[in-house]
Amino acid sequence: MSAARHGAFGDMAFHTLTFVFALLVLVVLGGVILSLISGALPALEHFGFGFLVAEAWNPVTEKFGALAPIYGTLVTSAIAMLIGIPVAFGVALFITELCPNWLKRPLSTMIELLAAIPSIIYGIWGLFVLAPFVQEHIEPFLIGTLGAVPGIGMLFAGPPLGIGVLTAGFILAVMVLPFISSIMRDVFETVPAVLRESTYALGATTAEVVWQVVLPYARVGVFGGILLGLGRALGETMAVTFVIGNSHHIHVSILQPGTTISAALANEFTEAVGDLYLSSLIALGLILFVITFIVLALAKLLLIRLERQAGG
Amino acid sequence: MQLYARRRLTNWLVIGLSVLATGFGLLWLVLVLSTLLINGIGAIGPSLFTEMTPPPGSSGGLLNAIAGSLAMTAIATLVGTPTGILAGTFLAEYSRGSRFGEVVRFVNDILLSAPSIIIGLFVYEAMVVRMGHFSAWAGAMALAIITVPVVVRTTEDMLRLVPTALREAAAALGAPKWKVIVMVTYRAAAQGMMTGMLLAVARISGETAPLLFTALNNQFWSSDLNGPMANLPVVIFQFAMSPYADWQVLAWGGALLITATILVLNITARVLAAWSSFKQ
């Protein structure tokens, strides 16, 4: 009897212990939200809604607006998605549909190692290797060809600097590639083999099977994976900080320097003097948090829905 | 016949593009690693591990940064791993079907992908501002917060893989649930949980952004966890962005060191995971 009671006490203690630590996960999120809001409050009170739409960023006159970093964050992420999604799709397609079985594992591992390389390594590599290459070979080509096209030409105007929005977006594309492709691979593999085989039996080619059977079946998961990659791209810091040039002016041309929320934080936070400056930077962080939270929550909800579908 | 030709052509085009995309992905891995090796190998030598970070224009090493990184990573792992394992245990063993468990899982997954710079801001507000100065403790805390979601996730996944029959057998012998978890389930999932820990260590050893706001940097040797402390990622950032050639060489050396460590950790974790799934 006493042994049973002893066990019951141990059970309750252990249950409570694990519960408290699970609660801690929620407390961290709550802490993040509260501290960002309290830190951002002075700037938001001072500038009001104008903070979101003002481009000015002047520490001397203490005029701060978030438009340029928000714009830069969105544009670099858009470039990353534009390049990253098709490539990730190609990689996932190759791994699930084309490649021989013995190659699947090593190939997936190598692509996933791209995600293991830390952001700062991409940054230093981007600054010393990619940016000079882009400046000498890719940008002159873009200026010469697309730059002359009326309309979109202004996206490719200006001198080739190497450092700028395009290079940052390109590095982000490489960085989010493994995240998107590994989720695409996982959801492609949830497609029942019977569906695939019966389509092949009807005489369909690989391309047709992928386009007409695998993709429609897996579209929710694919979209979830894309959003997850987007969430990564939006908040990526060090790699972007190295190559974007840190300019608080909005240039139409993607060859020119810009800034993103995270790059502005990394560059200026420790040197920020004055409460309003610091608070404005924290307000930028709050905006980034809100954007990534929405994107990641959406991604997660889609993937949960997919799991239910597969389970039931 | 024309229809067949067109379909075949499309098919070859799609396959070709897919192969090209895979090659493109692998190309970056090769390019990044080879440039690291070429630029970093020259900096690797005894002085890298025995001398302090130098002022511009003179030679030196990265000893203080390596030591700082090791210290902060160790503290973060010591704090973050048990926290993550206990929370993950709750999710896998005590929360089946509960609303609370679902919320925690959801929030954990968000924290897993949340920008690390935001965690840095949080710790800055919560610790650096209150204490009035940057400190290694704050840096370690930021890293610990980044470890937790990784460990929670892998612990839960691994515990769920343990067959229910094993738990039932232990329970039938009269073991209380906590004993079943600690002495049976944990042991069965040990390798998988180890994998999670290694991946978490790999993840935080390259983290830079949160350390910028918390541990900052220190040009000198410091064993005071209550003050700013040098660490590899921030030193690499500072040295690489500088105009001094000596500093840039050291930055490449540090970059090679970090990447090699992370790749070894990752591959070990994968081998461990493959081995444990093979055993099952």
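We name chains A, B, ... by the order of the sequence lines, and we start the count at 1 in each one.
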[X] vs [Y] aromatic rings, parallel, tilted or perpendicular, using cut-offs 30° and 60°?
X        : Y        : result
A/Phe269 : B/Phe213 : tilted
A/Phe293 : A/Phe289 : tilted
A/Phe14  : B/Tyr186 : perpendicular
B/Phe237 : A/Phe242 : perpendicular

For [X], is it the side chain, the backbone, both, or neither that has a heavy atom closer than 4.5 Å to a heavy atom of chain B?
X        : answer
A/Leu93  : both
A/Ile33  : neither
A/Leu278 : side chain
A/Leu114 : both
A/Thr241 : both
A/Thr270 : side chain
A/Met238 : side chain
A/Ser119 : neither
A/Val32  : both
A/Leu265 : both
A/Ile261 : neither
A/Ile124 : both
A/Val87  : both

Counting heavy-atom pairs under 4.5 Å to chain B, which of A/Leu286, A/Leu281, A/Leu34, A/Leu288 comes out on top?
->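 Max contact count across the listed options: A/Leu288.
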Leading residue by heavy atom contact count with chain B [cutoff under 4.5 Å; candidates A/Gly126, A/Ala299, A/Ala297] =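 Greatest number of close heavy-atom pairs with chain B: A/Ala297.
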Short side-chain to backbone donor-acceptor contact, B/Asn108 and A/Leu26, under 3.5 Å |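 No, the answer is negative, given that no donor and acceptor are paired below the 3.5 Å cut-off.
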Quick one: are A/Leu228 and B/Ser113 in side-chain contact, heavy atoms under 4.5 Å?
->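 A side-chain contact under 4.5 Å exists here.
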Would B/Trp28 and A/Tyr122 count as a close aromatic pair, with their ring centres under 6.0 Å?
->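 Between A/Tyr122 and B/Trp28, which both carry aromatic rings, the centre distance is not below 6.0 Å.
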May I ask you to check whether B/Phe100 and B/Tyr94 place their ring centres under 6.0 Å from each other?
->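 No, the ring centres sit 6.0 Å or more apart.
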Going by atom types alone, do [X] and [Y] pair a side-chain donor with an acceptor below 3.5 Å?
X        : Y        : value
A/Thr206 : A/Glu97  : no
B/Trp247 : B/Ser242 : no
A/Glu208 : A/Thr199 : no

Where on B/Leu111 is there a heavy atom nearer than 4.5 Å to chain A: the side chain, the backbone, both, or neither?
->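 Looking at B/Leu111, just its side chain touches chain A.
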Given a strict heavy-atom distance threshold of 4.5 Å, which part of B/Ala240 is in contact with chain A: side chain, backbone, both, or neither?
->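 When you check distances to chain A, atoms from both the backbone and side chain of B/Ala240 fall under 4.5 Å.
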